[in-house]
Number of protein chains: 2
Amino acid sequence: MALEHAILISLRERAGSGYELAQRFGRSMAYFWPATHQQIYRTLGRMAEQGWVSVTEVPQEGRPDKKTYAVTAAGRAELRRWSGEPAPRVTPRDDLIVKVRGAAYADIEAIVAQAQERRESSADQLERYREIERRDFPGAPGLTGQALHQWLVLRAGIRLEENEIEWCDELIDALRRDQGVKE
Amino acid sequence: MALEHAILISLRERAGSGYELAQRFGRSMAYFWPATHQQIYRTLGRMAEQGWVSVTEVPQEGRPDKKTYAVTAAGRAELRRWSGEPAPRVTPRDDLIVKVRGAAYADIEAIVAQAQERRESSADQLERYREIERRDFPGAPGLTGQALHQWLVLRAGIRLEENEIEWCDELIDALRRDQGVKE
DNA sequence: GACTCATATGCAACTGGTTGCACTGCATCG
DNA sequence: CGATGCAGTGCAACCAGTTGCATATGAGTC
């Protein structure tokens with residue numbers, strides 16, 4: 001279960017409250033492991049029970065009290081243990097692929113439209129990633145340590161979107177050509 | 001929910017029993033939408049309730065009775081309706097990416113080892129896909145109709161694995177180089 | 001004065017997928 | 001003769017992620 005471990009990583013970088021963590025999460029981890037505040041609160045609770053994080057209740061004035069979480073020695077050990085165990089492969093389940101597979105029973109133009117939409121949203125995402133790369137990782141690929149790790153993750157995102165764009169182009173082209181042939 | 005629709009597609013290609021469907025599913029759809037027989041039986045039940053498929057109990061001798069499922073007009077309409085609605089984008093959640101992100105708190109060599117394993121399994125999968133392409137789609141990319149659709153799906157798989165391999169290489173290289181610098 | 005936004009936490013219900021197990025009966029292999 | 005495998009269907013429990021709602025306070029806006 002990677003959410004717990006993604007939280008451990010985030011909390012090791014900086015301890016904080018569930019709320020604050022959720023904010024930060026949305027700005028970094030969520031690109032490859034999205035999580036709602038709900039999920040984060042629930043998971044933090046479970047992690048505290050297991051002793052991976054310690055909780056400190058911090059009373060505040062003018063705003064609700066908060067609980068700040070910090071990674072314990074057990075949490076650090078768990079993170080290290082987990083990161084050494086084999087990473088399972090997952091098949092990304094994509095509705096669009098299913099639709100292409102069943103295109104014979106569908107309105108091809110509607111599927112082409114979805115591919116175009118997907119292409120555009122991937123191009124947008126790619127642009128955002130490229131901007132982050134320019135802004136935050138000018139030294140790439142000659143980076144070291146944590147900056148290197150973060151850049152490698154960003155690279156995965158960039159590759160994913162590039163690939164998506166190319167496949168969508170292939171798809172749109174092929175389906176359109178096939179439509180043309182039929183008419 | 002794409003499983004229901006993937007089943008509709010499969011059943012439109014050929015009606016059959018849950019068992020038989022599960023077998024076929026494993027040989028085609030499962031590459032991009034894996035499903036256990038459990039899930040298939042449960043989903044078929046729900047689909048029958050909704051009237052998307054009709055059920056016929058077929059008594060058999062020497063082996064257990066079976067239920068064959070066939071897509072109804074309502075099922076065909078539903079498939080068409082669904083294929084026209086916008087396809088949601090999903091973020092593939094990959095443990096390995098999380099591990100890379102938190103590599104500073106882990107054993108880098110263990111992560112490199114996992115990347116190598118991933119690279120190999122992707123190379124294997126790619127080889128299998130390439131073989132299918134050679135064997136079943138010699139006419140690509142000049143295909144039409146259902147063969148074209150199936151090939152486009154296969155292309156998505158090929159692209160995915162190629163991309164994975166390249167990223168793993170980048171990863172292994174960069175992490176090793178960084179390790180070297182430190183020592 | 002009402003509305004939204006930011007801070008802060010949480011319960012409850014639901015959905016989709018995974019895992020483990022159960023039962024029948026024939027065929028095949030060592 | 002026993003184990004394995006194929007054909008066939010299914011229940012029950014669990015796990016992770018999603019969605020909707022609830023609650024509290026203060027600051028700023030229309």
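Residue numbers begin at 1 in each chain, while the letters A, B, ... track the order of the sequences.
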Are any protein N/O atoms closer than 3.5 Å to N/O atoms in nucleotides 5-7 of chain D? If there are, list each pair with its distance.
unit_1	atom_1	unit_2	atom_2	d
D:dA7	OP2	B:Y19	OH	3.3

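Here D:dT9 presents its P atom at 10 Å from CG of B:L21, a figure rounded to the nearest Å. A straight line from CD of A:E57 to P of C:dT7 spans 20 Å, rounded to a whole angstrom. Nucleotide C:dA8 holds its P atom 13 Å from the OH atom of A:Y69, rounded to whole Å. In this structure, A:D65 atom CG and C:dA8 atom C1' are separated by 9 Å, rounded to whole Å. Rounded to whole angstrom, the span from the CZ atom of B:R46 across to the P atom of C:dC14 amounts to 15 Å. Taking atom CZ of residue A:R24 and atom P of nucleotide C:dA8, one finds them 12 Å apart after rounding to whole Å. Taking atom CD1 of A:I40 as the reference point, atom C1' of C:dG10 lies 14 Å away to the nearest angstrom.
Contact of the A:V100 side chain with the A:W167 side chain is registered, since non-hydrogen atoms from C-beta on lie closer than 4.5 Å.
Applying salt bridge (charged side-chain N to carboxylate O under 4.0 Å, His left out) to B:R89 and the options A:E120, A:E117, A:E161, A:E164 leaves one that passes, A:E161.
Using modelled atom types and a 3.5 Å distance limit, the side chains of B:H5 and B:E78 yield a donor-acceptor pair. There is no side-chain donor-acceptor pair under 3.5 Å between A:Q179 and A:R176.
Under 3.5 Å, the side chain of B:R42 and the base of C:dT18 form at least one donor-acceptor pair of N or O atoms. Donor-acceptor pairing under 3.5 Å, judged by distance alone, is present between the side chain of B:Q38 and the base of D:dG10. Between the side chain of B:H37 and the base of D:dG8, no donor-acceptor pair under 3.5 Å is found.
Contact annotation: A:Y41 side-chain N/O to C:dT9 OP1/OP2 distance is under 4.0 Å.
For B:M1, counting side-chain heavy atoms from C-beta on, the closest listed nucleotide (C:dT9, D:dT18, C:dG17) is C:dG17. The side chain of A:Q39 has D:dG17 as its nearest neighbour among C:dG10, D:dG17, D:dG8.
Salt bridge status for B:R159 with A:E170: present, with a side-chain N to carboxylate O gap under 4.0 Å.
The number of heavy-atom neighbours closer than 6.0 Å to CD of A:Q60, taken from other residues, nucleotides and ligands shown, is above 12.
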Please list every donor-acceptor pair under 3.5 Å in which a side-chain atom of residues 43-53 of chain B meets a protein atom from a residue at least two apart or in another chain.
unit_1	atom_1	unit_2	atom_2	d
B:T43	OG1	B:Q39	O	2.6
B:R46	NH1	B:E4	OE2	2.5

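At the heavy-atom level, B:S17 lies under 4.0 Å from the strands shown only through sugar-phosphate atoms.
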